[in-house]
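Report on the structure given below.
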Amino acid sequence: MRRNSYHIQDHSAESNLFARRAIISLIGVGSLLLLIIANLFYLQISSYKTYQTRSNDNRIKVQPIPPNRGVIKDINGKLLAGNEPTFSLDLVPEQITDMDETLTEIGKIIEISDEQIKVFKRAIKYRRRFKGMPLKSKLSDKEVAMFSVHQHRFPGVSIEARLARHYPFGEYFTHGVGYVGKINKKDLQRLEDTDQIKNYAATRSIGKLGIERYYENQLHGITGSQEVEVNHRSRILRQLSVTPPVSGTDLHLSIDVELQIKAKEILGENKGAIIAMDPRDGALLTFYSNPTYDPNLFVNGISQVEYSKIIGSKDKPMLNRVTQGQYPPASTIKPQLALLALDKGLITKHTTIRDPGYWHIPNVEGQRRFRDWKPGGHGHVDVLLSIKQSCDIFYYDLAYRLGIDNISEFGSKFGFGDYTGVDIFEESKAIMPSREWKKSRFKQPWYKGDTISIGIGQGYWTATPVQLAMSTAALVNRGKVVEPRLVTGMTKNGVYQETPTRHRAPIDIKDKKHWDTVLDAMYETVNASDGTARTAFVDAVYSSAGKTGTAQLFSLAEDEEYEVENVAERYRDNAMYVGFAPFEAPSIVIVVAVENAGGGSANAAPIARKMLDLYFGLGLSGKRNLTTTAPTVDVNDG
Amino acid sequence: MVKTENERRRSSIWFRFHIDVPLMLGILTLMLLSVLVVYSAGGQDIDMAIRQMFRLGIGLCVLMVVAQISPFFYQKWAPHIFVIGVGLLIAVLLFGDMGKGAQRWLNLGVTKFQPSEVMKLSLPMMMAWFLSKYTLPPSNKHTFISFCIIALPTLLIAKQPDLGTSLLVASSGFFVLFLAGLRFRILFGLIALFAAFLPILWFYLMHSYQKQRVLTFLNPESDPLGSGYHIIQSKIAIGSGGLEGKGWLQGTQSQLEFLPERHTDFIFSVFSEEFGFVGVLLLLAVYAFVIIRGTIIAIRAQEGFTKLLAGSLILTFFVYLFVNIGMVSGLMPVVGVPLPLVSYGGTSIVTLMASFGILMAIATNKRLLAT
């Protein structure tokens with residue numbers, strides 16, 4: 001009872017104490033709620049813009065859309081390089097935890113060769129890890145279906161549909177059209193240096209060779225972009241906006257597929273090059289180097305085996321013989337030398353020399369004898385005969401009298417010893433020898449004896465077939481020097497535009513009649529009964545002119561005879577031919593170079609004949625009606 | 001005969017079933033919001049919303065049942081329940097199941113059971129029982145004993161380790177002591193002592209993942225894709241809600257799954273993103289209403305035990321609220337505490353509803369005092 005009353009007595013005091021404490025607690029609760037509210041006000045009202053932006057950055061991603069690469073067409077609009085839809089199996093290395101395990105598991109579903117795995121593993125070393133990399137390209141419909149069923153088991157692996165480069169005529173155009181390949185680290189570096197990396201954000205391939213490489217900027221186009229909403233796994237949920245890409249420029253060549261196919265057929269197993277050019281505007285009509293290889297192999301990454309096969313071949317198929325093949329021009333440059341001698345007044349149209357079958361530097365005893373190809377010589381030789389019968393003695397003498405400086409300067413005007421400006425990067429300057437050249441190359445002075453074989457396009461002198469085409473065109477054009485080019489037109493945004501003809505400084509000859517003298521001599525070469533190309537062009541339905549050449553790759557001692565059977569194949573003579581047609585108004589210049597085939601009149605001229613027959617047979621001569629409004633530019637090559 | 005207000009209340013049907021109508025309305029409002037937000041946060045999964053409704057229903061049943069039990073029953077059995085509770089906590093440490101790297105569950109064969117949840121109710125009961133036996137405010141000796149009573153289950157739970165629950169349990173015990181009239185001198189002394197104790201806690205007692213949480217709290221942007229990810233995404237969700245919010249089911253942070261633990265610990269962020277600052281103010285108003293009502297019940301209670309117990313329970317409810325919102329909005333380190341009555345999840349709802357049941361029992365069980 002006592003305790004109870006004590007309790008009751010204290011009850012109101014305790015109640016008051018509790019009420020006070022409860023009120024204090026409520027004040028505490030209220031203050032903390034205000035703190036929460038103040039913080040939420042800060043987040044939601046004061047910092048709203050910041051967090052709204054960050055929220056959008058989370059969900060909105062900008063994705064690049066690759067442009068369609070411009071296509072490349074022949075003179076008739078036939079597709080030489082196009083884009084084909086294909087499916088490939090892509091892996092994003094960054095999203096794959098165990099690469100080997102994943103590759104093994106994929107291998108159980110669709111067939112993956114060891115080679116493909118090897119190529120893939122090598123490729124991902126040089127790629128950014130967040131970018132998708134194809135493991136297998138050109139999946140069949142069945143493979144696409146098979147993998148799709150198992151898709152959910154493979155994060156970071158997906159089937160991608162895209163347009164892949166395709167070359168319908170494959171190996172026929174490899175050296176000219178070139179090919180695209182996967183962008184590698186070196187390409188990336190270059191794109192970064194030239195500030196183009198953004199435009200390649202969605203692009204996988206880049207031009208590696210030929211036109212594909214030279215015109216990369218035009219062919220590529222402008223990358224578009226789309227804004228997409230993604231979830232936290234970066235899966236795309238919907239498209240918010242899009243800036244469409246701009247397709248690349250289409251390129252038009254003047255090459256005719258038929259001529260190209262013919263060129264390959266004629267050369268067959270022979271190594272060599274055939275190039276045809278319209279002398280009026282430099283448009284290339286044929287551009288073929290043999291042997292060749294399939295450019296389609298490179299588009300999706302070539303396998304090591306295939307690559308070794310190409311690179312290891314002793315026939316060097318990767319060498320572009322049209323622009324990189326350095327051949328002694330041999331007798332094909334005799335017309336130019338004759339022209340120079342006429343211009344310098346060393347000879348006239350009627351000057352004759354006596355050809356006993358050999359020649360040596362005058363007034364010096366015990367000198368080496370230079371021999372004519374014809375034992376016993378041609379007797380009395382004038383400039384006409386010297387060209388149509390390709391008399392060597394005549395040109396030993398001319399070269400000796402002209403001297404290397406004149407020859408070198410004149411040759412340079414025709415384009416020898418320098419890039420022709422043809423629109424691919426794979427080109428060699430070859431050699432137009434001069435005193436300076438020999439000094440820097442061999443640290444030796446130029447000897448008079450060095451000049452003699454220059455007279456017959458041998459010795460140090462080498463030229464590429466494209467240089468021969470350009471120099472022959474300059475001859476045909478009577479001094480108007482036109483640079484060769486593969487691309488003659490471009491279609492950009494649906495508008496076709498011709499590419500300009502590129503002119504160099506013209507070759508000035510004091511007496512214009514000298515042009516006729518040498519050109520007539522070239523006509524005689526083909527048409528006179530004793531012309532070296534006569535046999536090859538018997539019964540041709542068109543008029544043509546030309547010059548044969550036979551380049552020795554092997555020096556004979558003075559008393560040795562050249563016996564085909566005794567000479568290893570790689571030392572056998574190169575057969576050369578330069579020609580043009582129709583004679584009155586030339587629309588085609590043709591150059592044929594066949595390695596180790598033998599004499600030019602027997603082995604190169606007949607090839608030129610077949611090519612010209614087809615050219616006229618197809619009616620191509622009338623096809624290129626050049627308008628007078630065609631654009632031109634002058635090139636100051638010095 | 002004119003009835004007094006009290007008499008009228010007592011004769012109403014709600015009173016007879018031991019239901020406090022204003023408190024019940026506040027709870028039901030929160031439950032309704034819970035279903036709406038869980039549906040949105042769960043990626044509009046109707047099954048998840050139904051499961052949440054089911055759980056809330058069970059919670060309501062628990063509330064009803066608990067409300068029928070006289071508070072004096074708890075007063076009588078408080079020490080026994082407490083001893084059993086501590087025993088279970090020891091059992092958990094010895095035989096408990098591991099779950100998410102912590103030992104919290106006791107497998108009873110049929111069902112799993114989390115003894116620390118029991119302690120959320122048992123400790124305040126024990127404290128209220130102990131302190132109400134003597135005159136208030138408590139003497140120094142009783143204060144010391146009280147701290148020992150609080151420390152025992154708190155340390156056992158912290159050892160599991162479950163920092164969130166041990167914090168809630170400790171505060172529920174502490175609130176009893178505070179409401180009982182803990183001297184301010186001692187209170188401030190303790191705060192000073194705690195501050196001095198912090199370095200020891202940091203270097204010797206905290207687990208590395210707990211330390212990481214504190215570091216992340218201090219600077220979440222230092223590791224935006226790792227430990228800072230949760231809090232950064234949560235703040236983005238809340239902040240991007242702005243004044244009016246993105247609208248129900250329209251929150252991009254939650255619907256596109258940038259926000260982790262959307263339907264459980266981070267459900268407040270979903271709510272903030274979709275309903276904005278205005279919605280948040282209304283939600284907090286509902287919570288404030290529930291807390292004020294609970295405090296009124298505590299003040300009106302007639303016995304020391306019921307006053308202390310009711311006051312402690314309602315303040316602990318606030319601690320849930322404060323810790324959760326403080327955590328998701330970057331005011332506090334990440335501690336696994338759900339948003340009371342709104343977060344998806346079973347155990348916490350049952351415990352909370354049981355505590356509201358006790359509050360209702362206290363509100364409606366009044367010994368008729370001599371008038």
Side-chain angles (χ1 to χ4, degrees), chain A residues 3-4 6-61 228-238 240, chain B residues 132 135-137 175 178-182 232-233 235-243 245-246 251-253 255-260 272-273 276-278 280-281 284-285 287-288 291-292 295-296 298-299 301-304 307-308 310-311 314-315 318-319 321-322 325-326 329-331 369-370:
Chain A
R3 195 184 160 217
N4 202 18
Y6 172 80
H7 211 90
I8 289 168
Q9 196 183 3
D10 278 355
H11 189 80
S12 68
E14 284 188 2
S15 275
N16 286 340
L17 170 67
F18 180 84
R20 272 202 312 278
R21 287 296 168 107
I23 300 294
I24 293 170
S25 302
L26 272 187
I27 293 170
V29 166
S31 330
L32 290 176
L33 273 178
L34 282 178
L35 176 67
I36 286 176
I37 290 168
N39 184 43
L40 291 172
F41 182 87
Y42 171 74
L43 290 175
Q44 298 192 291
I45 309 296
S46 309
S47 313
Y48 172 60
K49 283 276 167 226
T50 313
Y51 286 112
Q52 189 190 34
T53 310
R54 293 186 64 176
S55 166
N56 283 340
D57 287 350
N58 264 345
R59 73 182 177 100
I60 299 171
K61 297 276 179 266
V228 290
E229 187 173 78
V230 298
N231 70 6
H232 75 298
R233 290 198 185 83
S234 300
R235 178 186 292 270
I236 297 172
L237 303 174
R238 64 196 169 108
L240 301 173
Chain B
S132 64
T135 312
L136 300 179
F175 287 138
F178 178 77
L179 291 169
L182 173 70
I232 290 172
Q233 294 304 330
K235 283 168 87 170
I236 291 173
I238 295 170
S240 64
L243 183 63
K246 295 174 184 172
T252 53
Q253 284 289 101
Q255 303 300 326
L256 304 177
E257 304 179 21
F258 291 105
L259 189 65
S272 307
E273 185 186 21
F277 190 60
V278 172
V280 164
L281 286 183
L284 290 177
Y287 275 116
I291 291 163
I292 289 168
T295 312
I296 288 171
I299 292 173
Q302 289 161 333
E303 290 291 317
K307 273 179 190 293
L308 293 177
I314 202 69
L315 288 176
F318 172 72
V319 172
L321 179 71
F322 181 75
I325 298 181
S329 62
L331 281 178
L369 296 172

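All values reported here derive from a predicted model rather than from experimental measurement. So you know, we letter chains A, B, ... as the sequences are listed, proteins then strands, and number each from 1.
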Are [X] and [Y] side-chain neighbours, meaning at least one heavy-atom pair lies under 4.5 Å?
| X | Y | answer |
| --- | --- | --- |
| B:Ser329 | A:Leu40 | yes |
| A:Tyr48 | B:Leu243 | no |
| B:Leu256 | A:Val230 | no |
| B:Phe318 | A:Leu32 | yes |
| A:Ile23 | B:Thr295 | no |

Between atom [atom1] of [X] and atom [atom2] of [Y], what is the distance when rounded to the nearest 0.5 Å?
| X | Y | atom1 | atom2 | result |
| --- | --- | --- | --- | --- |
| B:Gln253 | A:Tyr51 | CD | OH | 11.0 Å |
| B:Ile299 | A:Ser15 | CD1 | OG | 10.0 Å |
| A:Ile36 | B:Leu321 | CD1 | CG | 5.5 Å |

Worked check of side-chain contact (heavy atoms from CB on, under 4.5 Å) between A:Leu43 and B:Phe277: CA-CA 9 Å; A:Leu43 290 175; B:Phe277 190 60; over 6 Å; no
Shortest non-hydrogen contact between [X] and [Y], atoms and distance:
| X | Y | answer |
| --- | --- | --- |
| B:Ala288 | A:Leu33 | CB-CD1, 4.1 Å |
| B:Thr252 | A:Glu229 | CG2-OE2, 4.5 Å |
| A:Leu17 | B:Ala180 | CD2-O, 3.4 Å |
| A:Gln44 | B:Ile238 | NE2-O, 3.0 Å |
| B:Leu136 | A:Glu14 | N-OE2, 3.1 Å |

Within 6.0 angstrom of A:Lys49 NZ, more than 12 heavy atoms from elsewhere: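 No, because the 6.0 Å sphere around NZ of A:Lys49 holds 12 heavy atoms or fewer from other groups.
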A:Asn231-B:Gln255 side chain donor-acceptor pair, cut-off 3.5 Å: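 Result is no, nothing qualifies.
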Residue pair B:Lys246 / A:Ser55, side-chain donor-acceptor N/O under 3.5 Å: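 A pair is found: one side chain offers a donor N or O, the other an acceptor, under 3.5 Å apart.
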Proximity breakdown for [X] and chain A, heavy-atom pairs closer than 4.5 Å:
| X | answer |
| --- | --- |
| B:Ile236 | both |
| B:Leu281 | side chain |
| B:Leu259 | neither |

Contact winner vs chain B - A:Arg20, A:Arg54, A:Gln52, heavy-atom pairs under 4.5 Å: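 Max contact count across the listed options: A:Arg54.
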Region of [X] in contact with chain B, defined by heavy-atom distances below 4.5 Å:
| X | answer |
| --- | --- |
| A:Asn58 | both |
| A:Ile37 | both |
| A:Phe41 | both |

Working for side-chain contact (heavy atoms from CB on, under 4.5 Å), residues B:Leu308 and A:Phe18: CA-CA 8 Å; B:Leu308 293 177; A:Phe18 180 84; 4.0 Å; yes
A:Arg21 side-chain N/O to B:Phe178 backbone N/O, donor-acceptor pair under 3.5 Å: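 Yes; at least one donor-acceptor contact below 3.5 Å.
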Greatest number of heavy atom pairs closer than 4.5 Å to chain A - which of B:Ala298, B:Gly326, B:Gly311: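 Counting heavy-atom pairs under 4.5 Å, the top option is B:Ala298.
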